[in-house]
Protein chains: 2
Amino acid sequence: MNERKQHVLNAAKRLFLENGFANTSIQNILDEAGISKGTFYNYFNSKNECLISIIEESTGTASVLREELAADGPDGPEVLVEQILVRLRMNREQKLIRLYEAILHSGDPELRDYMKSVHLSELAWLEQRLTEVYGEQFRPYAADAALMEFGMLGQYLQFAPDITSSEELSKRIRFVIRRTEALLRDMAENDEHLLEAGQFDLRADSPSLPAPGRVAEEMLRLAETLPHESRGTGREFAGFLSTELKSEKPRASLMQSIAVPFRKLFDGLPNEPEARTVMSALWRLLKSSNLK
Amino acid sequence: MNERKQHVLNAAKRLFLENGFANTSIQNILDEAGISKGTFYNYFNSKNECLISIIEESTGTASVLREELAADGPDGPEVLVEQILVRLRMNREQKLIRLYEAILHSGDPELRDYMKSVHLSELAWLEQRLTEVYGEQFRPYAADAALMEFGMLGQYLQFAPDITSSEELSKRIRFVIRRTEALLRDMAENDEHLLEAGQFDLRADSPSLPAPGRVAEEMLRLAETLPHESRGTGREFAGFLSTELKSEKPRASLMQSIAVPFRKLFDGLPNEPEARTVMSALWRLLKSSNLK
DNA sequence: AAATGATTGTACTGCCGGTATAAAATAGTT
DNA sequence: AACTATTTTATACCGGCAGTACAATCATTT
């Protein structure tokens, strides 16, 4: 990931959030980023791909922060609230989620399919979390609850006015989550559900796990890009993580505790997005059964 | 409303439903309708206005059918189910509702504002109906319930696959309505709500009531367009409705019972859409307080 | 038959996403 | 320093888009 490419992505993101995807022309991006058309098409094959890169960066970051939250302490509804907040807060005042939907309903089949898979994996994540938080007995109803919670949340974010403060946002999420609890109880009482457990899982197009060796390499390389004052710490962290990664039986809980402060070393740095991408790969490995 | 214009509207609607709004060019519409560009821009000032006309026709028709359902017998949850089904069934296998959302999230501010007002009035209608059906004691929670029901329904229509049969559709609506009941009970028990009653009412830009005299005229004129075999009946209906309309104290319940069979005379006729538009105006008058 | 208004056909504008390409700048290697 | 390879730039171009302009034609009314 070129630093220049990241610069273009940031410019495009700014414009998309400000004026919407359809209302942002490639020429606008070129002007904003100060590059030529040839360069743009060197980085992306189309305007769509540029957008997909932005979404991928965003979803990757969200999943890293969510895993970090889960690794922080005992699980519970409050953790779920914070995990959902992560996604919403990260979307800079809820503008990215509108971007999502604009694309989801756009005419372009390529974009639609991609966004649909993003949406489905989000639903699958929520279904899984609901059973973790509220107990196995709700598993048959978790898919329905996830779908409904998603719909409710979407409406509250879109149509209720003035989500300025972060407290207002969190108030709405808590409200919706309490409603979801009521829905789970109600469905369980009446033993009613429309969807099947695991309905949203689409293992088909889930990308294969990254190679541990490659992730280790990337982390070591990243540590070298740190400024002098944090480079030593970074080297220690990256070194520990990569040796654990390559060892016979990696100690996952240790790694989880180290992954958080290591990633935070890159906060505010130009390659912060890249760091998050790499850490996203690490978390996927940590969550996968063959490493646990 | 020209018959030719209606023909163009039908052609455009067909294409929009088939290929989406963004993927339908004006040239496509011209070819499909067999008209020239000049004529198109004689009817509509833009592609957007053409779409707005289609949506208006559709929402008008839906509201007429809903009123007819309500006038049919005692109120209750089953009536609500049927009323919601009207809108969804009318959207030809749920394709129009996706068109709605495509526009709602589109880049065009003109379209967005219009669709937002449509959506809000739908929410206001649902809020009102929920209090009518489940009782006054739920009024403080009806706005929240309406918003959430809308969100849930949207997700179930979009992401659960294969809504082929009408039974499948009605099954989902019933499911969502039962969940909405649970939400109403839950909110009432905990006395929790985020929205205020009447939050969705936007009287500001609600168009003023049509003139009763004008509506009477239109109905009489419509009756003359009927084929021979039904023209006599149509004249009787239209005559009765228009004299009642102009009388001191119109007998609303009588008119409701006549309005239904009168409108049905136009089913399958070329000016069926126009008839629905006129009847929509009549129902607005019937529902308005100064006629009741 | 004259007049009026709707309709047609066609050419045009400006913007769009995307392609092509030669020249210029930059980086890497010896 | 010189040579090479790659990246970047500038620019012209393509087909398609929404929307405009306008003279020619058609249909209806009077």
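In what follows, chains are A, B, ... by sequence order, proteins preceding strands, each numbered from 1.
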> Between Leu241(B) and Glu244(B), does a side chain to side chain contact (heavy atoms under 4.5 Å, CB included) hold up when you go through it step by step?
Replying inline: CA-CA 5 Å; Leu241(B) 288 172; Glu244(B) 283 294 322; 5.8 Å; no

> Out of curiosity, Arg276(B) CZ to Asp267(B) CG, how far, rounded to the nearest 0.5 Å?
Replying inline: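 Result: 6.0 Å between the selected atoms.
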
Take atom [atom1] of [X] and atom [atom2] of [N], then tell me their distance rounded to the nearest Å.
X        : N       : atom1 : atom2 : result
Lys37(A) : dC15(C) : NZ    : C1'   : 10 Å
Gln27(A) : dA10(D) : CD    : P     : 11 Å
Ile29(B) : dG19(D) : CD1   : P     : 10 Å
Tyr41(A) : dA10(D) : OH    : C1'   : 16 Å
Asp31(B) : dG9(C)  : CG    : C1'   : 13 Å
Leu30(B) : dA18(D) : CG    : P     : 9 Å
Phe40(B) : dA21(D) : CZ    : C1'   : 17 Å

On the nucleotide [N], are OP1 or OP2 found under 4.0 Å from the side-chain N or O atoms that [X] carries?
X        : N      : result
Arg4(A)  : dT9(D) : yes
Tyr43(B) : dT7(C) : yes
Asn42(A) : dT8(D) : yes

> Taking the six-membered ring for Trp, are His119(B) and Phe150(B) parallel (under 30°), tilted (30 to 60°) or perpendicular (over 60°)?
Replying inline: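 Tilted.
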
>> Students often mix this up, so state it plainly: with edges at 30° and 60°, are the rings of Phe40(B) and Phe44(B) parallel, tilted or perpendicular?
In response: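 Because their plane-to-plane angle lies in the 30° to 60° range, the rings of Phe40(B) and Phe44(B) count as tilted.
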
With the side chain of [X] defined as its heavy atoms from C-beta on, choose the nearest nucleotide among [options].
X        : options                  : answer
Ser36(B) : dG17(C), dG19(D), dT7(C) : dT7(C)
Ile35(A) : dT7(C), dG17(C), dT9(D)  : dT9(D)
Lys47(A) : dT8(D), dT8(C), dG18(C)  : dG18(C)

> When you measure from the centre of the six-membered ring of Phe21(B), is the NZ or CZ of Lys47(B) under 6.0 Å away and within 45° of the axis?
Replying inline: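 Positive - Lys47(B) is close enough to the ring of Phe21(B) and near enough to its axis.
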
>> Within the 4.0 Å heavy-atom criterion, would you say Ser25(A) contacts the bases, only the backbone, or no part of the nucleic acid?
In response: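 Answer is sugar-phosphate: Ser25(A) comes under 4.0 Å of backbone atoms only.
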
